[in-house]
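Working notes, beginning with the structure itself.
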Amino acid sequence: MGIPKLGPVIAIDGPAGTGKSSATRRLAEILGFVHVDTGALYRAIALLCREKETTFPDLNEAELATQLSKEVHLEFKRIEGKNPANRIFANGRDVTDFIRTPEVSMAASRISAIPDVRSALLGLQRRLGCAGPSILEGRDIGTVIFPDADVKFFLTATADERAKRRLIELEAAGSDAPSFEEVRSQILARDHGDSTRKVAPLKKAADAVELDTSDFTLDEVVKFMEKAVKKALTHGKAKKSSTGAK
Ligand code: DC
């Protein structure tokens, strides 16, 4: 039996640096939907692995990630205020500020290829999506987590454009900015890992709307998506349950 869906679910997938997170955040605010950043779940586990490496020297990264993914309590909390934000907590600790480094990005990509880690996070993602009107962003939302999402998007952009955007983000976050070439090759390495892994690889769902964001501003992307969502939700019927959701 599937989990009853308490509102429409929008799936937004695509590789890193396509503007997925910013567009999802804005669209969620406009529509009044909950924004679920599923990459943050993989990132939080990757961070914990790195922190625990020295405590469990006998376990390799994959073993540690598998164990942690089964034990960890992950939750999102919305912090209101001048700059409202969704923060991610791992075992009660706010880890939001530590999960965006290049090292954690690469580790998140590696551990996300482990089938046990993916299955440990599946139920949580479905519960979050079913709890009310929601927008989930990730790599496999439209293909695996919510194959019957009400609206699906697949965002792309050229590698150069994505590296440019990621570099701006890293600089804004105050991290020691790597070179453009370093960022670009890391993005390509992540793309390769994410799209060639055996389980739930990054790929466009057959019924997803594909949007190349390279030449569009964030505003244009959000407007396009808002229009498409409103049209789909007005003309189509929001689906009542999520196929396969347990
Ligand atoms: O979206 P992001 O860059 O924060 O994601 C970090 C990594 O997590 C990404 O390289 C692949 C993995 N990921 C995934 O495999 N499936 C998801 N639904 C979301 C992220």
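Atoms within each ligand, like the ligands themselves, are counted from 1 in listed order.
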Does any donor atom in the side chain of H35 or E137 lie under 3.5 Å from an acceptor atom in the other side chain?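 Side chains of H35 and E137: pair found under 3.5 Å.
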Does [X] pair with [Y] as a salt bridge, N-O distance under 4.0 Å?
{"X": "E61", "Y": "R110", "answer": "yes"}
{"X": "R166", "Y": "E169", "answer": "yes"}
{"X": "D140", "Y": "R118", "answer": "yes"}

Taking any residue with a non-hydrogen atom under 4.0 angstrom from an atom of ligand 1, which ones do you get? K20, T38, G39, Y42, R43, R100, A108, S109, S112, R118, G138, R139, D140, R190, D194, R197
Once salt bridge (Lys or Arg N to Asp or Glu O under 4.0 Å) is applied, do any residues pair with K20, and if so which ones, sequence neighbours excluded? none
With rounding to the nearest 0.5 Å, note down the distance linking CG in D13 to NZ in K152.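 NZ of K152 is found 9.0 Å from CG of D13.
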